[in-house]
Amino acid sequence: MSFATLGLSEEILRAVTERGYTEPTPIQAQAIPVVLSGRDLMGGAQTGTGKTAGFTLPILQLLSAAPRPAAAKAPRVLVLIPTRELAAQVEESVRDYGKYLKLSSMTMIGGVNINPQIARLKARVDILVATPGRLLDHVQQKTVDLSHVEILVLDEADRMLDMGFIRDIKKILALLPKQRQNLLFSATFSDEIKLLADGLLNNPALVEVARRNATAELITQKIYPVDRERKKELLTKLIKDNNWFQVLVFTRTKHGANNLAEFLIKQDISAMAIHGNKSQAARMRALAEFKSGKLQVLCATDIAARGIDISELPHVVNYELPNVAEDYVHRIGRTGRAGSEGEASSLVCIDEHKLLRDIERLIKREIPVVQIPGFEPDPRIKAEPILNGQNRGQGGRGQSAPRMGGQARTGGGQARSGGPKPASGHGAGRGAAPVLHRSGGRGR
Ligand code: AMP
């Protein structure tokens, strides 16, 4: 399929071609016709799928096909985005794709002086890309008029809810005209998202692209079995032996992120932990160094990483598996992108076998296992409950010792040189290596 068949104007196609895109990504192929038809849309897609152009291109088309009086200035499109960095990025795309059109756009984000924004709002704004907090500041100061919004986009709605923006969103929705087109994008469809969508969308078309972890052509996923206490050592080896750069490492706790960063620095690996309590400027600086490759490793918790926009990385490491399988999807979504490859590596100890099974059930695939020689798990080590978990219900459910006797996993052609022998017999048997295995086949 080509962009030319989607019903976009010559001006838009020219900008797309100049950007180097030859064909639409799956989300674009599906979403563009829906948006052009004027219908509401519920899009299941995460960053990296090309969703920004998926909504931006048809919006530009709709606006340019229905011009309004020259004197009208208030925004016709409101794009709500959870983070400042992403908002700036999306607005840049809007400008880029719309460079041959006579439409104007604006970024409205916090953390910067509000006065230039107030001045900007006195001129015409067709497409307003905003983070919720700053938009509400403008609402309060009566410096923005939302009564002419024809199209609303809620981007990364799941992150928006995770970051506690639901009340802000509701306040903003109340200010918009009832008659409008609504587009909601979310990487996951939790009950909360469904509830939000029910209240917001009118007979929406559902467009969902396979999560990248579900198809994963571009993300190589690997499991590295290792003992709990040897993870730091293994991570150091992996980074050094493979000369990994731009490694985003997820830990379960902030404390863990700090500890790990300190350890890596002692091993001569430049590393930093990011937390929410660092200033916006400090985080942006760390991020810029990380993106440029100067900073080799960034250690983060799920929450800390959510607040900043980092994606398209070559390496994401799950130093500890997340307690919630959905978070695995978010995490590995940071790597790869339309057209380039990424690697998601998970260091898995005996405490985490149940978490791993939950993840594999969710993504509907088995993740190949690679055993690094010299790091084979010690069969005498028993599983321990995972502390600091978010879902500690039912007496440490999910942290039970894995049953033995399953088949050793061979990882889709991955070498397991020196890896554990297939366990035979049951559990405690001498020499039965604590291999990762699937119990009870694939009854999912
Ligand atoms: P997004 O998911 O919108 O953040 O886009 C992810 C990346 O894919 C961005 O770097 C885009 O520039 C790129 N991209 C978007 N659409 C296409 C396309 N049709 N062909 C190739 N790359 C694309």
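The first residue of the sequence shown is numbered 1, and numbering continues consecutively from there. Hydrogens, waters and symmetry mates are skipped; everything else that's a heavy atom, side chains included, is used. Keep in mind it's a predicted model, so treat the numbers as computed, not measured. When a ligand or atom number is given, it counts from 1 through the structure's own listing order.
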Peer 1: Report the part of Y97 (side chain from C-beta onward, or backbone N, CA, C, O) that has a heavy atom under 4.0 Å from ligand 1; answer both or neither where that applies.
Peer 2: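 For Y97, there is no contact with ligand 1 at all, from either part.
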
Peer 1: Enumerate the atoms of ligand 1 whose separation from the nearest heavy atom of E23 is less than 4.0 angstrom.
Peer 2: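 Reading through ligand 1 atom by atom, the close ones are 18 (C), 19 (N), 20 (N).
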
Peer 1: What are the atoms of ligand 1, with element, lying closer than 4.0 Å to any heavy atom of T52?
Peer 2: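 Near T52, the atoms of ligand 1 are 1 (P), 3 (O), 4 (O).
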
Peer 1: Could an N or O of ligand 1 be found under 3.5 Å from any N or O of T22, whether backbone or side chain?
Peer 2: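 No; every N/O pair is 3.5 Å or more apart.
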
Peer 1: Establish, yes or no, whether a centroid distance under 6.0 Å links the rings of F185 and F55.
Peer 2: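 Yes, the ring centres sit under 6.0 Å apart.
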
Peer 1: Between E18 and K99, is the closest basic N to carboxylate O distance under 4.0 Å?
Peer 2: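 Counted as a salt bridge, because a side-chain N and a carboxylate O are separated by less than 4.0 Å.
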
Peer 1: Would you say R19 touches ligand 1, if touching means a heavy atom closer than 4.0 Å?
Peer 2: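 R19 counts as a contact of ligand 1 under the 4.0 Å cut-off.
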
Peer 1: Please name all residues satisfying ring pair (Phe, Tyr, Trp, His ring centres under 6.0 Å) with Y97, sequence neighbours left out, ordered by chain then number.
Peer 2: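 Y97 satisfies ring pair (Phe, Tyr, Trp, His ring centres under 6.0 Å) with no other residue.
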
Peer 1: What about G50: any of its N or O atoms under 3.5 Å from an N or O on ligand 1?
Peer 2: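 Indeed, backbone or side chain, G50 has an N or O that close.
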
Peer 1: Would a distance-only check, ignoring hydrogens and angles, find a side-chain to backbone donor-acceptor pair under 3.5 Å from S346 to V348?
Peer 2: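 Side chain of S346 to backbone of V348, a donor-acceptor pair under 3.5 Å: no, none is there.
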
Peer 1: Mark yes or no for whether D158, through its side chain, and A187, through its backbone, hold a donor-acceptor pair below 3.5 Å.
Peer 2: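 Yes: the side chain of D158 pairs with the backbone of A187.
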
Peer 1: Run the numbers for me: atoms of ligand 1, each under 4.0 Å from some heavy atom of F3, listed by number.
Peer 2: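 So the answer, numbered in order with elements, is 19 (N).
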
Peer 1: Compute the shortest N/O to N/O distance between Q28 and ligand 1 and return yes if it is under 3.5 Å, no if not.
Peer 2: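 Yes; the residue has a nitrogen or oxygen that sits under 3.5 Å from a nitrogen or oxygen of the ligand.
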
Peer 1: Hydrogens and angles aside, do D40 and N202 bring a side-chain donor and acceptor to less than 3.5 Å of each other?
Peer 2: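 Absent: no donor and acceptor within the cut-off.
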
